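As the structure is a prediction and not an experimental result, all values here were calculated from the model. Letters A, B, ... mirror the listed sequences (proteins, then strands); counts begin at 1.
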2 protein chains.
Amino acid sequence: MGTTQLETVQEPKYWHLKTVLSEALDSDFAVGEVLPNERELAARFGVARATLRQALEQLELEGRLQRRRGVGTTVAPPRVGVAVATAQQGWAGGDSDEAWQPVECTTATAPASVAAVLDMDAEAPVHVVRRIQATHGQTVAAELLYVPQSSVPELSAIAAPSGPARARSVLRELHRLGLDGQDRSVELGSARVDDAKELDRLPGAPVLVVTTRYFAAAGTVAVSVATYRADTCRLTFGDSGALEISHEEQERKAS
Amino acid sequence: MGTTQLETVQEPKYWHLKTVLSEALDSDFAVGEVLPNERELAARFGVARATLRQALEQLELEGRLQRRRGVGTTVAPPRVGVAVATAQQGWAGGDSDEAWQPVECTTATAPASVAAVLDMDAEAPVHVVRRIQATHGQTVAAELLYVPQSSVPELSAIAAPSGPARARSVLRELHRLGLDGQDRSVELGSARVDDAKELDRLPGAPVLVVTTRYFAAAGTVAVSVATYRADTCRLTFGDSGALEISHEEQERKAS
DNA sequence: CAGTGGTCTAGACCACGTT
DNA sequence: ACGTGGTCTAGACCACTGA
């Protein structure tokens, strides 16, 4: 018979577990329902808790589950689509920008990586505007907007030294410059401690990092680093102003 | 003195480890260099291997490390920027599309989720075109492009039944329809078995899933689900045709 | 074949939210 | 105080790569 090898391709246990759980979630659980605790699930499937957790981790990464320490594991709602402005719309600042809410504003020297993107002197001071974005009552993104002082020389000297009021001042000045274009990239990251706090996640939680460069006549006038919860968010880019709804409706299965 | 609590805020070991390793990577290692193996690193830091691995996992997630079974852990090069076409450019098909290389083409019924997005009968057959994208000698993305047969009725009956040749036929027909717009979303996922194989990763590896709907006069004519390696890729959206280079140059530290 | 990372176990203790 | 998920340990064995 030789080495027939059977068909047991040696699929890892946690992978198989994930599949089984995923199907169970589809058929036996409603959104928001809490699962049995990890120790019981592990026992029920006859695996070690660490193995069970490996499966849960993947499902959380895929946005199927939500785990909270001290509370339990619940079935997550479908990911929420968060629009990332593609064109002039959503240009940082302006009163029409309802998505982002300014939280704070400080002045500091930009981190090296940001300074390089701004192609400015690494020592020159920048305004750092902190903004957050909420949807459905949940904070889904935290942003740091770096604005070189040289970009907004007109900034009133009497403006508040920090806080939301100053943030709005900076944004207003920035807005007056107009916008010639932007440049955006998306990559996977893990939440820094401060972002994690804003997003109500543990440090290191997976996030989608959107880096945007804003161009005006003068060159690069600002850089935004926005951190989105990767577990609950789907970033949408409306390149054609097309429908945004049907993708969500698809998830609501006919009842 | 009461509960002074010291300053030990109980930062998890793996988090601290990650920081230390990250700094070591910056100062003591060159891109491509192999690290000591996990057992030795764990011993050197006085932690269990599992804890050390938790730190390595995060660093790999952030694109700082690359781990390969049987080989070792190496310092990863900076993430490569992969352009995701924003406008008409890069419209599926056309000989000018150099980024994507057709691999195969089959015919099947679309998965439920895709059928819903195509707003078509879930039973109706679609062409499924498999394409991959490579940069710097590495496959960075695997795509499944779903084209309802009704979108390309003119497809020659004598076309090859499968394989790259047929893929090109479908793309050619699709291209003839023209493109009215598109609609794109990005989210975090984990690699399916087949995608993992194409991307040379283990199943479950973190990926960025880009879902694109293509619109023509007739409505939604095709849907693409592209899976990018999250560890090595940074998706770029050139909303203004602006410079793509400086971001990469920033990474090459002066020598 | 030896050496690597990947999987898995059976425990322990901790931090947190709720009660 | 209790129950939850989060961290950590010290082992074991497996799958894969390359010499």
Step by step, would you call B:Y146 with B:V117 a side-chain contact (heavy atoms from CB on, under 4.5 Å)?
CA-CA 11 Å; B:Y146 298 93; B:V117 177; over 6 Å; no

Test side-chain contact (heavy atoms from CB on, under 4.5 Å) on A:R201 and A:D231 and set out the steps.
CA-CA 10 Å; A:R201 300 260 63 197; A:D231 54 344; 2.9 Å; yes

Before giving the answer on side-chain contact (heavy atoms from CB on, under 4.5 Å), spell out for A:L171 and A:L145 the whole-Å C-alpha distance, their side-chain angles and the decisive distance to 0.1 Å.
CA-CA 10 Å; A:L171 291 168; A:L145 180 69; 3.6 Å; yes

Between B:R68 and B:V34, is a side-chain contact (heavy atoms from CB on, under 4.5 Å) present by the stated rule, with each step listed?
CA-CA 11 Å; B:R68 274 171 305 171; B:V34 313; over 6 Å; no

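Looking only at side-chain heavy atoms (C-beta outward), B:H127 and B:R166 come within less than 4.5 Å of each other.
Counting only distance, with no hydrogens or angles, the side chain of A:R229 and the backbone of A:L199 share a donor-acceptor pair below 3.5 Å. Here the side chain of A:E33 pairs a donor or acceptor atom with the backbone of A:A30 at under 3.5 angstrom.
Residues passing the salt bridge (charged side-chain N to carboxylate O under 4.0 Å, His left out) test with B:R67, sequence neighbours excluded: B:E38, B:E57, B:E60. When the side-chain contact (heavy atoms from CB on, under 4.5 Å) test is applied to B:V103, the partners found at least two apart in sequence or on another chain are B:R130, B:I132.
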Dump every N/O contact between nucleotides 15-19 of chain C and the protein below 3.5 Å, one line per pair.
residue : atom : partner : partner atom : Å
C:dA15  : OP1  : B:Q10   : NE2          : 3.0
C:dA15  : O4'  : A:R69   : NH1          : 3.3

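For B:N37, the CG atom is densely surrounded, since the number of other residues' heavy atoms within 6.0 Å is greater than 12.
Neither side chain, B:T139 nor B:E198, offers a donor N or O lying under 3.5 Å from an acceptor on the other.
Looking at which nucleotide of DNA chain D each of B:R68 and A:G72 is closest to, the 5′-most match is held by A:G72.
The stretch residues 52-62 of chain B comes close to DNA chain D through B:Q54, each having a heavy atom under 4.0 Å from the strand. For residues 34-47 of chain A, proximity to DNA chain D is found at A:N37, A:E38, A:R39, defined as any non-hydrogen atom under 4.0 angstrom from a strand atom.
Along DNA chain D, read 5' to 3', the first and last nucleotides having any atom under 4.0 Å from a heavy atom of chain B are D:dT7 to D:dT17.
Under the side-chain hydrogen bond (donor to acceptor under 3.5 Å, both in side chains) test applied with B:K18, the options B:E23, B:Q58, B:Q54 reduce to a single match, B:Q58.
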